[in-house]
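Notes to accompany the following structure.
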Amino acid sequence: MTQRCDVVIVGGRLAGACAAVHFARSGRDVVVLDRSKFPSDQLSTHLLFPAGVDELRQMGALRGILAAHPTRSPWLSLSTNRGHGGGASLLERWRPAGPIDYCICVPRPIQDLELVRAARAAGAEVRERNRMLDVLWRGGRACGVRYADADGEVHELHARLVIGADGRRSTVASAVGAFRPYRASRNGRGLVFRYVDDPAYGTREGETIHQWRDGDSLGFMFPSAPSPKALLLFMGAADEAAEAKRDPEGHWARKLAQHPGMAARLQGCTNPTPLRCTGDTSAYFRASSGPGWALAGDAGHFKDPVIGQGQRDALWSGRRLAEVAEPVLDEPAALDLALRRWERERDVECLHAYHFGNLETAVRPVSPVLTEIVRRTSRSPAPDLGDVFGRGRTITQVLSLPALVTGLADALVRGTGGRRADTARDAVAELKIHLGVRRELLGRRFRSSQVVPGSDHPDPCPPVAPPSRRLASVHVQEVTPSGTAVSA
Amino acid sequence: MSELANVRIAAVQPALRLGAVEENLARLEDLIRDAVREHSPDIVTVPEAGSSPNVYAKVLRGVARPVDGAPMQLYRRLARELDVVVGGGFLARRGGHVYGTYVLAEPDGRTHLHDKDIPTMWENNYYTGGDDPGRTTLSFPGGPVPVGMACGWEWARMGTAARLRGQVQLLLGGMCWPSYPVNWRGPFGVWAAREHALQRQHARELPRQMARLLGVPVAMPSHVGPIDFDTPLAPGVPWRTLMVGETQIVERDGTVLARLTAEDGEGHVSASVALAAPEPVDPLGPMYWIPPLSVSTRAAWTAMNTHGAVKYRAMRALRRHPWQTWPGGDLPDELGPTDQAEEHHATTP
């Protein structure tokens, strides 16, 4: 028997669950297929800035997540080259997003289970351990999926819209021919992380997102869940991920020596978990909309995790997709156009963060200009520099041209970063990149494949496509104006 | 390709509904699948304007689709799945314009695009002309075959023959040919009836004329069926007519191997043709049109082309075309082989 629904979503985590909630709330019949059984883990930075937490609130998952007692972190601490001389640091609050003025960092098994629960509570049907096999087509449009249920039995599910929210190695992206990114940028940094128990839990120090920038390495500490857990991350050069696999504790000790401020903060932390790491984080944009299909979250766009924006953008893209597509779900031509517009809106929303990630993933010493901007910003605890992470403002707004020029002037006056001639030369090179980014952002071109020198890094290694299957040999014949039936 | 290699071509003659793009594409899918089942061809083609017949009607403003939209997806996916070359047309947004694009999609993902050079009469309201030569190369097991593509009245112009003569071993493409009104009365009715008969005659003779001018086999799938639309430059005057049909597959010497007339209605035919170096039978002439079009038709061509082109440009300048609100993007005319997971999508370079 042919199954039908309005929307089938492959992948039930951030983007998928969020889209499911908003479609279902509009009265649409939504089926979510996910190959996992929840709770289920996922490699992730885990961090949600206020805008991301607000997305959880809007989709109704926040209450359940807060029940796991994650630490709410309303503060950002950022240090550059402290302990190395000539450094600066700031402590500021996050700019509120809606009623939310704090970050949370919740392990994915806890968080994603609540996302699925929220989707179900909204009326979506979430089928766990169901694996999508192929996309069905009719008249050049995606019209459903073929999938295997938990028992391995194969079914067909027809829908007006097929959404791939199944991550970087998306099977939907593969089935719709969109797996190869039209634009990608190599990551420069690896990700090495572990959890510890933080004795500073409950204090302001324990409710602060820490970021240490020392030399060419980045260290982070995110208060997590359940308290007093905290997530510790190092983002050094990409090849450090391999080093961490070979010699986990040796690598950890070396990184702590590189970040003395972080080492001091971790005094007294206990119960460290084993290290996990990855270097496979090339950023990319895929064509994310087509006739009857869309790719949300990491399936359509991924950026370097160094800036911790992936979760928020996945939730945002799922919500906006539902808001844009739902009103025209019954009109195929209007739906396809709405999906294309949604894709452009996503690009506008994410392109500046993509460039921010590209700039951050470049392994180079802390810029003296940034150090001076941090120093100036540190005069007030009001939200400012953190906006670039919290998405209160874009990187071009936070690191405005006046701010960059002032930072350069301060660096030259103070002699931050050593020889002034080197500082000026590096700053001019950096300014060129920023101007290139601004030029592209102003262009607002659809699926722009033009690279911005200095931001887009060559030789990317985007995910490898899963093996091809033959296209569906099933011919779908229209039997009613509102639905379709299958004939052999 | 070896001399006199044979390929089997199936040509589909559809009866499509004005403006009903998604319905028409689904119908084309059925017809293509049916043609492949019945004829086991190497190539199956449907007419130009496969997304909707091209006539003068407001609904035509909404039939253009992104170049990588549903029509392209249909042709490319069927080519891959059915393991045949699939040809078909649609109005495609490519970059900053809409074109009358014809697609030849190969099973390995190779895709070749041709934009009709001069939109015919009222078609100028909805799209503009392309400037590619209408030549490409199809990859057959026996080797590459140079192929020409022609849409609509490109088939009817001596310039097209001159452009392709000696360059191709096969001519593909399609036709969308609505005739003169059959609902007019009085002197206008008499005049229109005479023109209607002439149009049917031209459509019948055209494929074999082009085959002999080029000295290569041709396959010309055409629209069929009744159609109603508005009369250009005469608001409120209904134009009820029919698509002239005349889907034909013709050998290099002008022998008609397979044919569907207007009376045959919707369907498909096939024939095997030999591919070899071109051997033109008839000389190129100095005239603009291959068939001797009537004075009325020539006058209508000039007047409607001007009217349509001016209106298209004015609306574009005012950003009144619905497709101008879409995010843009384009594809090159020649797309290489791809894995199924990595198809081409329109981008902005």
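Sequence lines set the chain letters: A, B, ... in the order given, protein chains first and strands last, and positions in each chain run from 1. Treat the numbers as computed from the prediction; the structure is a model and nothing was measured.
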Nearest non-hydrogen partners of A:G139 and B:A70, listed with the distance: O-CB, 4.0 Å
Atom group of B:P349 that falls short of 4.5 Å from chain A, counting heavy atoms: both
Distance-minimising heavy-atom pair for A:G140 and B:Q73: O-CB, 3.3 Å
Minimum heavy-atom distance B:Q340-A:A175, with the two atoms named: NE2-O, 4.2 Å
Working for salt bridge (charged side-chain N to carboxylate O under 4.0 Å, His left out), residues A:R447 and B:D330: CA-CA 10 Å; A:R447 291 184 192 156; B:D330 196 7; over 6 Å; no
Exercise: identify the closest heavy-atom pair between A:P291 and B:G69: CG-C, 3.8 Å
Side-chain (A:R340) to main-chain (B:G328) donor-acceptor, under 3.5 angstrom: yes
Donor-acceptor pair between B:T325 and A:R341 side chains, under 3.5 angstrom: yes
Residue among A:S449, A:P181, A:A287 with most heavy-atom pairs under 4.5 Å to chain B: A:S449
Over all atoms of both residues, closest heavy-atom pair of A:P332 and B:E22: CB-CG, 3.6 Å
Donor-acceptor pair, side chain of B:R77 and main chain of A:V176, under 3.5 angstrom: yes
Side chain, backbone, both or neither of A:A173 within contact of chain B (heavy atoms, under 4.5 Å): backbone
B:T347 side-chain N/O to A:S448 backbone N/O, donor-acceptor pair under 3.5 Å: no
Contact summary for A:W137 and B:E29, nearest pair of heavy atoms: O-OE2, 4.2 Å
Which of A:Q450, A:R141, A:R183, A:R180 touches chain B most, by non-hydrogen pairs under 4.5 Å: A:R180
Region of A:W342 in contact with chain B, defined by heavy-atom distances below 4.5 Å: neither
Short side-chain to backbone donor-acceptor contact, B:H344 and A:G177, under 3.5 Å: no
